Amino acid sequence: MNPASHSPALEVKGLSVEFPTRRGMLTALSDVSLTIARGEILGVVGESGAGKSMTGMAVLGLLEPPGRVCAGEIHIGGKRTDNLDNDQMESVRGRMVGAIFQDPLTSLNPLFSVGQQLIETIRLHSDRSRADARAHGIHLLKQVGIPGADERIDHYPHQFSGGMRQRVVIALALAGNPQLIIADEPTTALDVSIQAQITTLLRRLCREQGAGVMLVTHDMGIIAETADRVAVMYAGRIIEIGSVEDVLARPKHPYTRGLMGSIPALGARVERLTQIDGSMPRLNAIPPGCAFNPRCSAVGPRCLKARPVLVPEAQGAVACFIHHGGVA
Ligand SMILES: Nc1ncnc2c1ncn2[C@@H]1O[C@H](COP(=O)(O)OP(=O)(O)O)[C@@H](O)[C@H]1O
Ligand SMILES: [Mg+2]
C-alpha cells in the first residue's frame, strides 16, 4: 500500500498568512494548526472576518497576492503543498483537493454545458476516453442526486435551480477523486429547505469516498448537524478545537459560548446564552493580549497583556486564560 494513503487528508501546521501593505504588515492567519482525517468533516466556524475563507484559500493555494504563507506547512494526503509553484499546485487542485464555494456560479462556466465541464475535469485528472469520461460524468451526477442525469448532463448551468447547481459543483469537485474537499459556505446562498439536503449529501459522499472535508461556515447549526470536529476561529487564530459533541455540549472559550447563543436549531437543547456584543477586530486593530478581550465578560488583567495559546485538554484544545484559571 502507498504510505501516503495512511496520512490524513489534510495536515496544517503552524500556518501564518500575511499581507504586506504600505502601512505595514497585516497578519491574517497566525499559527493555525489542524488535521482532517479521511472520511472526516472538520467544521471551521467563526464570525465574518475570522479567517475561515483565508484558511481554505491558503490550503487551495489560492491566496490573493500579495497575501502569502509566511510560516508553517500544509500537507494534503501526505504531500507537502505549500512550497509548490503555480503549475504544480494547479495539478494538486482537482486531483487531490476539490473546492465548493458559496455561489455555484463561481465554479461553473455559463458558456459550457455541465457535461463539457465534467468531462474536461475528469479527463484532466485521468486517462479516460471521452466516452468513458462522459459515462463517469453521468455516474457522478447520479451520485449527487440529479434526476435524469443522462439528459441533464447536456444542460447548461442556468438551466439548473440553485440547489441542483450546487449538486453539479459537488460532482465537479468529486471528478478528480480528491482526498480533500474545501467547502466554503456551500449552503449559505441556498434555500433553508435545500441546505440540509446539500450538507447530508456532502456528509454521505465524504464517508463513501473517504475524503476529508473542511466545512467553512458561520453557522453553528450546520456544524452541529454535519461536522465530526469543529475548529472555532477568531481574528485569524483557532481559539478552540474539539469534537462537535464535546464543544457544543461544553464550550470552553467565552467566544464559543457566545456563538452557541446563535444556534436556532439547537435552541431547545442548549441553554440560551447572551449574544456577543461588539464585532471582530480589523486586521490592523487586533488588540494586544487576547484578541477577544474587548468583548469578553470575564476578562482579567492577564488577558490584556499576553496572548493565550491553544492548550490541549483531555478532549480538544482551548486558548483562554480564564478557562485555565490564570487571569490575574
Ligand atoms: N485580499 C485581502 N487583503 C487584505 N486583507 C484581506 C484580504 N482578504 C481578506 N482579508 C482580511 O482577512 C481577514 C479574514 O478574512 P476571511 O478569511 O475572508 O474571513 P471569513 O472568516 O469571514 O471567511 C479579514 O479581516 C479580511 O478583511
Ligand atoms: Mg468567508
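Residue numbers count from 1 along this sequence. Start at 1 and go down the list; that is how both ligands and their atoms are numbered. As the structure is a computational prediction, the values presented were derived from the model and not from experiment.
- Heavy-atom neighbours of Asn86 CG from other residues, nucleotides or ligands within 6.0 Å: at or below the threshold of 12.
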Could you list, one pair per line, each nitrogen or oxygen of ligand 1 together with any protein nitrogen or oxygen closer than 3.5 Å, giving atom names and the distance rounded to 0.1 Å?
{"unit_1": "ligand 1", "atom_1": "17 (O)", "unit_2": "Ser53", "atom_2": "N", "d": "3.3"}
{"unit_1": "ligand 1", "atom_1": "17 (O)", "unit_2": "Met54", "atom_2": "N", "d": "2.8"}
{"unit_1": "ligand 1", "atom_1": "19 (O)", "unit_2": "Gly49", "atom_2": "N", "d": "3.4"}
{"unit_1": "ligand 1", "atom_1": "19 (O)", "unit_2": "Gly51", "atom_2": "N", "d": "3.4"}
{"unit_1": "ligand 1", "atom_1": "21 (O)", "unit_2": "Ala50", "atom_2": "N", "d": "3.1"}
{"unit_1": "ligand 1", "atom_1": "21 (O)", "unit_2": "Gly51", "atom_2": "N", "d": "3.0"}
{"unit_1": "ligand 1", "atom_1": "21 (O)", "unit_2": "Lys52", "atom_2": "N", "d": "2.9"}
{"unit_1": "ligand 1", "atom_1": "21 (O)", "unit_2": "Lys52", "atom_2": "NZ", "d": "2.8"}
{"unit_1": "ligand 1", "atom_1": "22 (O)", "unit_2": "Gly49", "atom_2": "N", "d": "2.7"}
{"unit_1": "ligand 1", "atom_1": "22 (O)", "unit_2": "Lys52", "atom_2": "NZ", "d": "3.4"}
{"unit_1": "ligand 1", "atom_1": "23 (O)", "unit_2": "Ser53", "atom_2": "N", "d": "2.9"}
{"unit_1": "ligand 1", "atom_1": "23 (O)", "unit_2": "Ser53", "atom_2": "OG", "d": "2.8"}

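- Residue contact annotation: Ser53 places an N/O/S atom under 2.8 Å from the Mg ion (ligand 2).
- The heavy-atom pair separating Glu225 from Arg203 by the smallest distance is O-NH1, 3.9 Å.
- Taking 4.5 Å as the limit, every side-chain heavy atom of Ile239 sits out of range of all side-chain heavy atoms of Cys320.
- The nearest pair of heavy atoms linking Ala28 to Met54 is CB-CE, 3.7 Å.
- By the salt bridge (charged side-chain N to carboxylate O under 4.0 Å, His left out) test, Glu120 pairs with no residue at all, sequence neighbours left out.
- Annotation: Asn83, atom CG; neighbour count of heavy atoms from other residues, nucleotides and ligands within 6.0 Å is above 12.
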